[in-house]
Amino acid sequence: MFDVLKLRKMFPIYENHPDLVYLDTGATSLKPQCVLDKMNEYYQEYGVNIHRGVYHLSYLATNAYDEARQKCADFLNASFEEIVFKRNVSEALNFIALTYGEEYLQEGDVVITSELEHHSSILPWMKLCERKKASLRYVKLDSEGRITIDNFKKALDSKVKIVALTYVSNVLGYITPIKEIINLSHKIGAKVIVDAAQAVAHFKVDVKDLDADFLAFSSHKMMGPTGIGVLYGKKEILKKIQPLEYGGDMNDEVCLDSVTIKEIPYCFETGTPAIAEAIGLGRAIDLINELGYDNIKSHCESLKKYALEKLKDIEGITLYNPHCDLPILAFNINNVHPHDAATIFDEANVCLRAGHHCAQLITKWLKVLGTLRATFYIYNDYHDVDRFVESVKECVAFFKQFEGDNYE
Ligand SMILES: Cc1ncc(COP(=O)(O)O)c(C=O)c1O
């Protein structure tokens with residue numbers, strides 16, 4: 001285990017809320033001081049625009065921004081030009097649907113997705129399929145709610161042109177066997193778009209090893225700032241797609257009735273970008289490297305095991321994913337709406353998520369209105385799990401009083 005108390009000193013929110021039990025990293029992670037400092041350093045020491053100025057400070061800002069992009073490239077084992085900055089995963093996935101999808105999907109084609117997806121990984125494809133008269137096909141989930149290779153093979157045929165799947169489910173914490181899925185998809189010529197929103201904070205994502213065509217992640221779920229995310233695209237595919245937006249900084253020469261555009265990735269980024277945020281994301285990547293994925297993984301795994309062990313003995317709850325791969329626990333207090341239950345957790349200063357987690361299809365698949373979701377990360381410890389478990393027990397006891405009451 002990490003020395004969590006020491007580690008927490010890196011996260012100023014704990015100074016302001018010493019009693020906080022933060023179990024909502026799945027929604028967004030806490031932000032460490034080093035990331036905030038790095039962003040402030042930009043604003044205070046060289047906070048000018050990039051790619052434009054011909055003066056020293058502008059070179060400094062441009063270099064820092066480029067360095068951040070290179071860090072993202074190294075982080076994913078990609079190259080510099082394959083990293084396009086977007087606001088977040090949602091924007092990145094919409095961008096692919098509106099560019100690559102618009103250009104290459106045709107009437108009668110099929111896009112494979114799953115009921116495990118976050119809305120960001122379904123809706124852009126649903127709307128694209130509507131426009132193109134193509135169809136969306138859902139991989140059947142197994143009895144636990146996982147995407148399996150067997151079921152994926154059943155969904156795959158020559159009509160499939162795009163496969164858009166999550167690497168890690170934000171509700172059930174399952175890891176999709178994405179490498180094999182990519183391999184199978186490529187055999188029939190389909191392109192694969194990976195939603196890595198919940199993956200990058202937990203394990204190494206290597207786009208070359210996966211052979212992913214596109215992959216997206218958001219900085220804010222991995223200790224970086226909000227407002228910036230990364231779209232990875234294979235060089236040869238990015239070169240074939242047209243920009244979605246036109247304006248400053250993405251063009252070379254502008255004439256009265258024509259424009260030549262810059263090379264990738266610049267042609268996909270118009271206007272002044274999120275400079276401080278990119279630099280902050282670069283610092284968050286450094287921090288993950290400093291902490292080491294092996295340590296992050298073993299820490300989170302031990303918290304997950306400890307929590308599962310404790311929850312096992314509590315009567316009156318339903319846990320939907322006892323075999324989750326990552327520390328994302330979905331559960332309900334029996335016969336209690338998750339939003340009602342959440343108020344009890346809130347009173348105990350235990351922050352967790354309640355509802356459908358922007359993944360309504362999987363809550364429907366589970367046949368519930370929503371779930372409570374607790375996610376653990378590096379700044380959590382056994383004490384947090386104990387406080388969480390205490391709140392679960394309190395919640396069960398509290399609502400038990402009203403069992404059988406009829407409010408109609
Ligand atoms: C699996 C998954 N995909 C996509 C998203 C969307 O991320 P963002 O809100 O940063 O665009 C999330 C956020 O919760 C997620 O968990």
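Positions are given from 1, in the same order as the sequence printed here. Numbering of ligands and ligand atoms starts at 1, following listing order. Every heavy atom of this structure was used, including side-chain atoms; hydrogens, water molecules and symmetry mates were not.
Side chains of Ser79 and Glu82: a donor on one and an acceptor on the other come within 3.5 Å. Side chains of His299 and Asn380: no donor on one and acceptor on the other come within 3.5 Å. Side-chain polar atoms of Asn332 and Thr371 form no donor-acceptor pair below 3.5 angstrom.
The backbone and the side chain of Ser90 each have at least one atom closer than 4.0 Å to an atom of ligand 1 (non-hydrogen atoms only). Of the heavy atoms in Lys221, only side-chain atoms (C-beta onward) come closer than 4.0 Å to ligand 1. With a 4.0 Å cut-off on non-hydrogen atoms, His357 does not touch ligand 1 at all.
The nearest heavy-atom contact from the protein to atom 12 (C) of ligand 1 is His118 CD2, 3.2 Å. The protein heavy-atom contact nearest to atom 1 (C) of ligand 1 is Asp195 OD2, 3.5 Å.
Between Asp209 and Lys204, no side-chain nitrogen of the basic residue sits less than 4.0 Å from a carboxylate oxygen of the acidic one, so the salt-bridge criterion is not met.
Between His339 and His337, the angle of the ring planes lies from 30° to 60°, which puts this pair in the tilted group. Between Phe331 and Phe345, the ring-plane angle classifies as perpendicular under the 30° and 60° cut-offs. Between His51 and Tyr65, the ring-plane angle classifies as perpendicular under the 30° and 60° cut-offs.
Of all atoms in ligand 1, listed by their number and element, those nearer than 4.0 Å to a heavy atom of Gln198 are 1 (C), 15 (C), 16 (O). Those atoms of ligand 1 that come under 4.0 Å of a heavy atom in Asn170, given as number and element, are 1 (C), 16 (O). Close approach of ligand 1 to Ser218 (heavy-atom distance below 4.0 Å) involves ligand atoms 7 (O), 8 (P), 10 (O), 11 (O).
Taking distance alone, with nitrogen or oxygen atoms compared against 3.5 Å, Ser120 stays at or beyond that limit from ligand 1. For a threshold of 3.5 Å applied to N or O pairs, the pair formed by Glu91 and ligand 1 contains no separation below that value.
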